[in-house]
Number of protein chains: 2
Amino acid sequence: MGTSKTEKFTKEQNEIASIAKTLGHPARIAILQHLVKVNSCICGDIVDEIGLSQSTISQHLKELKREGIIKGEVEGRKVCYCINTERLDIVSTIFNGMFKRFSCC
Amino acid sequence: MGTSKTEKFTKEQNEIASIAKTLGHPARIAILQHLVKVNSCICGDIVDEIGLSQSTISQHLKELKREGIIKGEVEGRKVCYCINTERLDIVSTIFNGMFKRFSCC
DNA sequence: TTAATTAATCGTAATATTACGATAAGTTAA
DNA sequence: TTAACTTATCGTAATATTACGATTAATTAA
């Protein structure tokens, strides 16, 4: 165990949960807020900004990338990260829709 | 480790992450959707609906209650669960605000 | 009272997450 | 080339999460 029984749930339920899980760590929220503020920056800047180790930040970036919420572009020996606006709009729509359905009727 | 370093983040970042984490399991999304559909129901009905064991559902309900998203009212030997609309409105506002700040500028 | 019902909690196993240091892999500068 | 730099990955430890069965606690029905 320790594993969610995803087969018991709808695709929508699993998708919402997966996104929420990715947003479910303060470092990842902080990373997103920082990227919004500076528009785009390299990994090292995020390490400085957040104050966790480089390897830990790299893991968080990987998770955000896995969910499609950010993009990373290699520029020489640096990697420039930014928000994936298209995906974040979809995520926003999914969550707004969910909350709307929750709050009425 | 295995523990988030919450002291490195703002109150807002921790709060958003905490809510998202609670929403980050398909069973909990399914429970919320079911409660919205039937308005309110007893724990046993949720167990039947979701198809996980009674103790597992009880744990998920506890987590949703901890975050304030649902309420449980004891009625004799049964416990009637329902959405905490006030709290969910706040949660909705927090997330809408976040996504709004993410998508523009 | 006793038995049945309902839900919470306990104990536990399996797996996931978080975090770090060390290392690898790649790029650039000297 | 060599050295420095940048980031990803590996290995690992600590803790958290998920799930279940068994038990407990409380209420109701017989």
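By convention in this document, chain letters (A, B, ...) are assigned in the order of the sequence lines, proteins followed by strands, and residues within each chain are numbered from 1.
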Note to self: Determine whether a donor-acceptor pair (one donor, one acceptor, N or O, separation below 3.5 Å) exists between the side chain of B:Gln59 and the base of D:dA19.
What the structure shows: yes
Item checked: Interatomic distance, A:His25 NE2 vs C:dA19 P [rounded to whole Å] -> 3 Å
Check: Below 4.0 angstrom from OP1 or OP2 of D:dT15, is there any side-chain N or O of B:Thr3?
Finding: no
Notebook entry, point to check: Between A:Asp48 (CG) and D:dC5 (C1'), how many Å, whole number?
Noted result: 14 Å
Next item on the list: Would you indicate, yes or no, if C:dC20 has its OP1 or OP2 atom less than 4.0 angstrom from a side-chain nitrogen or oxygen of A:Ser53?
Entry: yes
Margin query: Within the 4.0 Å heavy-atom criterion, would you say B:Ile57 contacts the bases, only the backbone, or no part of the nucleic acid?
Written below: nothing
Next item on the list: Kindly say whether A:Gly72 contributes a backbone atom to a donor-acceptor pair with the side chain of A:Lys65 at under 3.5 angstrom?
Entry: no
Next item on the list: Between A:Phe9 and A:Tyr81, name the one whose nearest nucleotide on DNA chain D is closer to the 5' end.
Entry: A:Tyr81
Margin query: Can you see if the side chain of A:Lys8 gets near the phosphate of D:dA19 - specifically, an N or O under 4.0 Å from OP1 or OP2?
Written below: no
Next item on the list: Would you mind telling me which of D:dA8, C:dA8, C:dA19 lies closest to the side-chain atoms of B:Gln54?
Entry: C:dA8
Margin query: Please determine whether a side-chain nitrogen or oxygen atom of B:Lys21 lies at a distance below 4.0 Å from atom OP1 or OP2 of C:dT17.
Written below: no
Check: Can you hop from B:Phe102 to A:Val38 via hydrophobic side chains spaced under 4.5 Å?
Finding: no
Margin query: Looking at A:Thr56, I'd like to know whether one of its side-chain N or O atoms comes within less than 4.0 Å of OP1 or OP2 on C:dC20.
Written below: yes
Notebook entry, point to check: Could you give the CG-to-P distance, from A:Leu64 to D:dT7, as a whole number of Å?
Noted result: 16 Å
Checklist line | Spacing of A:Glu63 atom CD relative to D:dA8 atom P, expressed in whole Å | finding: 14 Å
Checklist line | Under 4.0 angstrom between B:Arg77 side-chain N/O and C:dA4 OP1 or OP2 | finding: no
Next item on the list: Using atom CG of A:Leu52 as one end and atom C1' of D:dA14 as the other, report the distance to the nearest whole Å.
Entry: 16 Å
Notebook entry, point to check: Does the pair A:Leu35 and A:Cys41 meet the rule for a side chain to side chain contact (heavy atoms under 4.5 Å, CB included), with working shown?
Noted result: CA-CA 7 Å; A:Leu35 286 179; A:Cys41 69; 3.8 Å; yes
